[in-house]
Amino acid sequence: MNLAHLHLLLNHVPTVGFAVGLCLFLAGLLQKDEKIQRVSLGILFAVAVLCIPAYLTGVAASEILQDRPGISGELMEAHQDAALSAFALMELAGGLAWLALWQFRRYAAAARPLLIAIVLVSAGAFALMAQAANLGGGIRHPEIVSLDEAAATAPVINTAWLKTSTLRSFINDTSWVWPASEAIHFIGLGLAFGVVLLLNLRVLGMMKGVSFADLHRALPWGMIGFAINLVTGMLFFIGVPGQYTNNAPFQWKIVCLVLLGANLIYFTSLTDPWRVEAGADAPRSVKVMAASAIVLWLGVVYFGRMLPYLGGAY
Amino acid sequence: MMDLLLWLEESGLSTWLRESQSIMAFPFVLALHTLGLGLVVGCTVVVDVRLLGGASRIPLKPLEKYFSIMWLGFAVNAVSGVMLFAKEATTVSSSVLFWVKMALIALAMWVVTRIRAQVFDDPLIDTHPVPGRVRALALASILLWAAAITAGRLLAYIGPTQPEAAIIFGSQ
């Protein structure tokens, strides 16, 4: 199995996942069923997390395919540009879904405007992703391309408002973008890592005077740090994708991040950690999750810093 | 002074860090330095955010234990930082940016000890609002750490030692 194969496995997740998540969410809103709303928000967040490797493996797949006969470079570029906008909107939708999950725990209800925003942004993300998927399907599936010769040989119309190549030249040709993004990426690391330590060290037994419910309020600060690093990290990837796609530490870093997504749902939404009162010892299962969060974050930091030394990136 | 720097740079440890191809040599020390950054900046910034009014239900008193993690991170970075300095002592010491970074860290650590003295030595901290001067210190701490990180990161791109700039701008 190579990364192109992995892309084939993952590339159905964003469209199918968002269709399921969004329909379920609408049903939950109409029926005023909070449980369904929370489950569907969890689905939207999880799909947004899986959309990260789906996008990254897509770029790897295009590198594998680009020199093969019968592959349209133009079509691949149009697919990649469409996927970039769709990816950006899907991450925003996932972030909003996470915020709503957090609010359900924190206030026992999520703000109405936030829920409406999730519907609108998710629907937009789905529409863009469906378009990207349609273009992507045409790359390797002659059976879905029109038999009408004029239509089949017509030039690919690239309608994406954000072109990957434009963004790439901005990143590489503007001297300050890379160093500035590096500095911001490390500041984001500090913020996210600080909140991760605060929550998980408490669960493991430090600072027992604080209840988990109180610490739960610090979670959005950690998410701000993560959001900063997702944006700056994607700038590095889009700038010079070739140095990451076949980079073993990079792949491990993404594996750690995806697993941390599941871990975050657990600490944001589930009842077990929420019940850890001030002065109380956390149950063993919660401690295992906390220890795994710290280990996975150490993995993210270690593999991230090793990109230049184990994987040849800068 | 130059003799001392030269001696440092030619010591066995520095030579090993420069020349060993092992992943446990220079890359590991660099990874430790990043991890230490996470511990120091992570712990202080979370306390700063709390002092500035974020997640204000978290009681302050128990957070004092967080400072021991911060000092652990500081120890890791002092040791790994000296090693990274020794590796190229003569070049790094001629970089203004490096001394700016050192000054920012010294200032930031001074602010951290002030915060600890003004907030955590007060047994009644959780019974009254955070005083204005403490909030000012917390804001100063966030800005100083952000500046220190920026200076440290820019060392890779600007000035006499620029290992990463050489790769980026040299290859294009």
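Order of the sequence lines sets the chain letters (A, B, ...), proteins ahead of strands, with each chain counted from 1. It should be emphasised that the depicted structure is a prediction, and the values quoted were computed from it without experimental measurement.
At a 4.5 Å heavy-atom cutoff, the contact between A/V301 and chain B is made by side-chain atoms alone. Within the 4.5 angstrom heavy-atom criterion, no atom of B/I142 approaches chain A. Proximity to chain A (any heavy atom under 4.5 Å) is shown, for B/S56, by neither the backbone nor the side chain. Contact annotation for B/L63: both backbone and side-chain heavy atoms come within less than 4.5 Å of a heavy atom of chain A. With a 4.5 Å cut-off on non-hydrogen atoms, A/L298 touches chain B through its side chain but not through its backbone. Neither the backbone nor the side chain of A/L219 comes within contact range of chain B; no heavy atom of the residue lies under 4.5 Å from a heavy atom of that chain. Within the 4.5 angstrom heavy-atom criterion, atoms from both the backbone and the side chain of A/L198 approach chain B.
Interface check for chain A: of the options B/H33, B/R57, B/K61, B/R50, the most heavy-atom pairs under 4.5 Å are formed by B/R57. The candidate with the highest count of non-hydrogen atom pairs below 4.5 Å against chain A, out of B/L37, B/V47, B/V46, B/V45, is B/V46. Ranked by heavy-atom pairs under 4.5 Å with chain A, the list B/M70, B/E64, B/K65 is led by B/K65. Of the listed residues (B/G152, B/C43, B/A146), the greatest number of heavy-atom pairs within a distance under 4.5 Å of chain A belongs to B/A146.
Note: A/W102 and A/W98 have parallel aromatic rings, judged against thresholds of 30 and 60 degrees for the angle between ring planes. Taking the six-membered ring for Trp and thresholds of 30 and 60 degrees, A/W176 and A/F170 have ring planes more than 60 degrees apart, a perpendicular arrangement.
Side chain of A/W274 to main chain of A/S269: no donor-acceptor pair is present (N/O by atom type, distance under 3.5 Å, no hydrogens or angles). Judged by distance alone, the side chain of B/T150 and the main-chain N or O of A/A183 form no donor-acceptor pair under 3.5 Å.
Dense packing is recorded around CZ of B/R18, with more than 12 heavy atoms of other residues, nucleotides or ligands lying under 6.0 Å away.
Annotation: side chain of A/W297 is not in contact with side chain of A/L197 (no heavy-atom distance under 4.5 Å).
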Derivation and outcome, side-chain hydrogen bond (donor to acceptor under 3.5 Å, both in side chains), residues A/R105 and A/T271: CA-CA 9 Å; A/R105 248 305 155 218; A/T271 316; 3.0 Å; yes
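Test A/Y244, A/W178, A/F250 against A/F236 for ring pair (Phe, Tyr, Trp, His ring centres under 6.0 Å) and you get one pass: A/W178.
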